Amino acid sequence: YQRRVHGGVLAFWKGSVVFATHLTTKYLVRWGCAGFIQDAFTTPDGKLTAGRRFLAGGTAGLLESCFIVTPFEVVKTRIQQQKGTQNLEYRGPIQTATRIASQEGPSALWKGVVATSLRNIGNMGANLTCKPIFRFLPVGSQ
């Protein structure tokens with residue numbers, strides 16, 4: 001209700017461009033790197049144990065959180081927290097990132113990186129560890 005009153009119906013979509021770009025690049029990095037990282041963690045005899053699979057997933061999660069997720073989340077949050085639709089400090093993703101970096105320093109784009117990294121390391125570690133297990137489970141009934 002508050003968002004509609006202060007920003008109109010379009011306020012519900014504040015930050016959606018950033019969010020869509022964030023998701024696209026996040027999944028490109030996540031799954032694009034995951035294969036290469038799994039290859040790096042594979043033993044010389046071609047085995048990828050569950051522990052090594054978790055480490056590979058965790059590494060992919062760390063990369064995505066540091067290079068994609070955290071900066072995009074900072075930019076998206078700044079855009080979404082604004083009230084109204086006129087005289088906005090942040091007008092778009094690139095302008096917002098540039099403004100944050102120039103006013104607060106580039107490191108401000110990585111506020112919250114530790115918490116985000118811990119979440120993504122566990123998420124991707126579990127994801128890649130469980131992926132081969134769930135691949136063989138029957139889906140639906142015939």
Side-chain angles (χ1 to χ4, degrees), residues 1-85 88-142:
Y1 175 75
Q2 286 290 332
R3 186 165 293 276
R4 185 176 56 82
V5 169
H6 292 291
V9 174
L10 292 178
F12 285 110
W13 286 274
K14 271 186 184 176
S16 62
V17 170
V18 181
F19 184 66
T21 307
H22 157 241
L23 283 181
T24 303
T25 54
K26 176 175 87 168
Y27 286 117
L28 283 171
V29 169
R30 174 184 281 187
W31 297 113
C33 291
F36 293 111
I37 295 169
Q38 283 185 97
D39 289 345
F41 279 94
T42 301
T43 62
D45 60 345
K47 293 182 180 175
L48 188 61
T49 64
R52 287 177 172 263
R53 191 178 297 278
F54 185 86
L55 287 173
T59 303
L62 179 64
L63 289 173
E64 81 177 45
S65 66
C66 290
F67 294 110
I68 305 296
V69 177
T70 303
F72 274 92
E73 287 291 328
V74 169
V75 169
K76 180 186 71 149
T77 301
R78 297 286 179 96
I79 291 171
Q80 288 177 336
Q81 285 182 338
Q82 299 181 105
K83 295 189 183 334
T85 57
L88 299 175
E89 180 179 3
Y90 303 116
R91 294 183 302 276
I94 295 172
Q95 183 267 346
T96 301
T98 305
R99 188 170 201 148
I100 292 169
S102 67
Q103 289 181 346
E104 302 172 42
S107 63
L109 290 166
W110 282 270
K111 288 182 177 178
V113 71
V114 172
T116 303
S117 294
L118 290 173
R119 180 191 69 209
N120 283 13
I121 288 168
N123 179 342
M124 271 305 286
N127 199 327
L128 285 186
T129 302
C130 295
K131 186 178 176 187
I133 297 167
F134 291 116
R135 185 175 24 172
F136 296 110
L137 292 178
V139 179
S141 59
Q142 298 203 3

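What you see is a predicted model, and the numbers here were worked out from it, not measured in a lab. Residues: numbered from 1 along the sequence shown.
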If every non-hydrogen atom of Thr25 is compared with every non-hydrogen atom of Ile68, which pair is closest and at what distance?
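Closest approach of Thr25 to Ile68: OG1-CG2, 3.2 Å.
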Which atom names give the shortest non-hydrogen contact between Ile94 and Thr98, and what distance separates them?
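Nearest heavy atoms, Ile94 then Thr98: O-OG1, 2.8 Å.
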Contacts under 3.5 angstrom, residues 47-56 side chains, donor-acceptor by atom type, not counting sequence neighbours:
from	atom 1	to	atom 2	distance (Å)
Thr49	OG1	Arg52	N	3.2
Arg52	NH1	Phe41	O	2.7
Arg53	NH1	Gln38	OE1	2.9

Worked verdict on Val69 versus Asn120 for side-chain contact (heavy atoms from CB on, under 4.5 Å):
CA-CA 9 Å; Val69 177; Asn120 283 13; 3.5 Å; yes
With [X], which residues qualify under side chain to side chain donor-acceptor pair (under 3.5 Å), at least two apart?
X	value
Thr96	none
Ser117	Ser65
Ser102	none
Asp45	Thr43

Would you compute the distance between atom [atom1] of [X] and atom [atom2] of [Y] and round it to the nearest 0.5 angstrom?
X	Y	atom1	atom2	answer
Ile100	Gln95	CD1	CD	9.0 Å
Ile37	Thr59	CD1	OG1	5.5 Å
Glu89	Gln103	CD	CD	5.5 Å

Among residues at least two apart in sequence or on other chains, which ones pass salt bridge (Lys or Arg N to Asp or Glu O under 4.0 Å) with Arg91?
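Once residues adjacent in sequence are excluded, Arg91 has no partner under the salt bridge (Lys or Arg N to Asp or Glu O under 4.0 Å) criterion.
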Which pairs pass salt bridge (charged side-chain N to carboxylate O under 4.0 Å, His left out) with one or both residues in residues 113-124, sequence neighbours excluded?
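Passing the test, one end in residues 113-124: no pairs.
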Can you name the residues that form a side chain to side chain contact (heavy atoms under 4.5 Å, CB included) with Asn127, not counting sequence neighbours?
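Only Arg30, Trp31, Asn123, Met124 meet the side chain to side chain contact (heavy atoms under 4.5 Å, CB included) criterion with Asn127.
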With Phe67 via side chain to side chain contact (heavy atoms under 4.5 Å, CB included) - residues at least two apart:
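In terms of side chain to side chain contact (heavy atoms under 4.5 Å, CB included), with neighbours along the sequence ignored, Phe67 is linked to Leu63.
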Give the table of side-chain donor-acceptor pairs shorter than 3.5 Å for residues 105-116, with sequence neighbours excluded, one pair per line with atom names and distance.
from	atom 1	to	atom 2	distance (Å)
Trp110	NE1	Cys66	O	2.6
Lys111	NZ	Glu104	OE1	3.2
Thr116	OG1	Gly112	O	3.0

For Tyr90, ring-ring contact (aromatic ring centres under 6.0 Å, His included) partners two or more places apart:
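Counting only residues at least two positions away or on another chain, Tyr90 forms no ring-ring contact (aromatic ring centres under 6.0 Å, His included).
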